[in-house]
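Note sheet for the following structure.
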There are 2 protein chains.
Amino acid sequence: MAGRNAGAGAEVETRRDPAGPLDMSALTTIVGYPLRRAQLAVFDDFNRRFAALALSPAQFSTLALIGANPGRKQSEIAGALGIQRPNFVAMMDELERRGLAERLRTPADRRSRALALTPTGEALVARARRVQAEQETEIERLIGGTSRELLIAALTQLTRLAS
Amino acid sequence: MAGRNAGAGAEVETRRDPAGPLDMSALTTIVGYPLRRAQLAVFDDFNRRFAALALSPAQFSTLALIGANPGRKQSEIAGALGIQRPNFVAMMDELERRGLAERLRTPADRRSRALALTPTGEALVARARRVQAEQETEIERLIGGTSRELLIAALTQLTRLAS
DNA sequence: TGAGATAGTTATACGGAATAACAATTGAAG
DNA sequence: CTTCAATTGTTATTCCGTATAACTATCTCA
């Protein structure tokens with residue numbers, strides 16, 4: 001029953017609120033919970049670092065991927081990032097509006113759009129990569145370089161859980 | 001450059017679409033990207049395993065935390081889970097509607113609600129823990145037991161990135 | 001007693017993500 | 001060549017998770 005409110009109530013019980021920290025052990029010992037928390041923390045940190053560049057994680061990954069694979073079809077880039085084609089349209093609209101990327105028509109297949117960075121986009125990606133490297137350095141400071149490599153390897157393996 | 005369509009067109013060039021896999025190295029070598037992908041994969045796997053119990057990750061963590069800390073205030077549980085108080089109301093509405101948890105009035109402070117599991121909720125948490133253990137076993141199979149422990153430790157450290 | 005803080009709640013808005021449906025284009029089979 | 005199915009990008013729409021402001025009831029403290 002864990003009855004604890006009973007009887008005399010002798011000494012004054014100064015704090016009305018015992019309020020010790022909660023028992024989180026059921027969550028902190030399974031992978032899913034710290035995984036989610038870490039992802040939120042890393043993305044929050046990312047957003048703080050990239051506030052000046054006004055780049056979200058999704059925008060950064062899109063630009064980086066286009067930069068490394070110019071000329072690829074819109075659906076290829078979206079697919080590689082795990083973004084549904086319909087949702088990727090607004091993403092490209094915005095990157096194009098900001099003059100960072102462009103959708104080119106290709107004679108080979110007039111349905112598709114070949115994506116590429118503009119010079120402005122190339123310059124921004126170069127700056128972004130440096131900012132990103134700073135985050136990576138901070139992560140190494142937190143968990144160590146070797147641990148960082150092992151972490152990436154383990155996380156990559158976990159991806160294979162996908163049905 | 002990279003001219004490849006020119007001249008003779010000797011042999012047949014069966015595939016119109018070279019379409020080799022994309023260069024993802026700019027993303028796969030930084031922590032943030034595999035971290036996000038792994039989180040999505042683990043949660044997808046979780047949702048598949050918990051489809052029969054109709055429990056989302058957030059619902060599971062809420063029930064598990066209430067079960068380990070019965071009598072705590074609603075705001076304490078919400079805070080520990082990183083859920084804003086307003087958003088936690090609908091969560092509890094649903095858990096209460098399903099008869100899994102309840103909000104008790106406490107004489108000490110009539111503003112707050114002391115959360116607890118119902119017997120039904122206790123039983124469900126017990127089942128859920130077993131299902132969860134199966135996922136953890138699968139994760140160990142993928143990355144190894146030692147690696148799993150190191151992974152949790154590294155992820156927990158990353159949480160300290162939070163400003 | 002009264003001012004300010006706290007707990008829970010409501011309403012609301014924003015962004016990410018999923019689905020259906022459509023037009024334009026391509027590829028393949030008859 | 002014609003026709004039909006598949007592909008590409010797009011629009012519209014929906015759902016869910018999350019953030020914020022504001023309200024009521026209650027508590028604390030001066």
Item to complete: Work out which heavy atom in B:R98 is nearest to a heavy atom in B:L53; give both atom names and the distance.
Response: NH2-O, 3.2 Å
Practice prompt. Write down the distance between CG (A:D109) and C1' (D:dA6), rounded to a whole number of angstrom.
Written response: 12 Å
Fill in: Interatomic distance where CD belongs to B:Q74 and P belongs to C:dA7 [whole Å]
11 Å
Response to the item:
Nearest heavy-atom approach of B:A114 to B:G71 is CB-O, 3.5 Å
Which pairs, protein N/O on one side and nucleotides 1-5 of chain C N/O on the other, fall under 3.5 Å?
none

Worksheet item: Without hydrogens or angle criteria, can the side chains of A:Q132 and A:R129 be said to hold a donor-acceptor pair below 3.5 Å?
Response: no
Worksheet item: Would you call A:D23 and B:R72 a salt bridge, taking side-chain N to carboxylate O under 4.0 Å as the test?
Response: no
Discussion item. Just the rounded figure in Å: distance from C1' of C:dG16 to CD of A:Q39.
Written reply: 12 Å
Response to the item:
Contacts of A:T106 and A:S56 projected onto DNA chain C by closest heavy atom; the upstream (5') one is A:S56
Fill in: Electrostatic pair A:D45-B:R160, nearest N-O below 4.0 angstrom
no
Worksheet, complete the sentence: Of A:R36 and A:S112, the one whose nearest nucleotide on DNA chain D sits closer to the 5' end is A:S112
Worksheet item: Should A:S75 be listed as having a side-chain N or O under 4.0 Å from OP1 or OP2 of D:dG9?
Response: yes
Worksheet item: More than 12 heavy atoms of other residues, nucleotides or ligands under 6.0 Å from CZ of A:R48: is that the case?
Response: yes
Practice prompt. Report yes if at least one side-chain N or O of A:R110 is closer than 4.0 Å to OP1 or OP2 of C:dA24; otherwise report no.
Written response: no
Fill in: Separation of D:dG17 P from A:F43 CZ (nearest whole Å)
18 Å
Discussion item. Just the rounded figure in Å: distance from C1' of D:dA19 to CG of A:D44.
Written reply: 12 Å
Worksheet item: Quick check: does any side chain N or O of B:E136 sit under 3.5 Å from a backbone N or O of B:A133, one acting as donor and the other as acceptor?
Response: no
Practice prompt. Starting from P on C:dT26, measure out to CZ on A:R113 and report it in whole angstrom.
Written response: 13 Å
Worksheet, complete the sentence: Between A:L161 and B:L142, the two heavy atoms sitting closest are CG-CD1, 3.8 Å
Worksheet item: Hey, does the side chain of B:N47 reach the backbone of B:F43 with a donor-acceptor pair shorter than 3.5 angstrom?
Response: yes
Worksheet item: Considering only heavy atoms, which members of residues 79-105 of chain B lie under 4.0 Å from some atom of DNA chain C?
Response: B:R85, B:P86, B:V89, B:R103
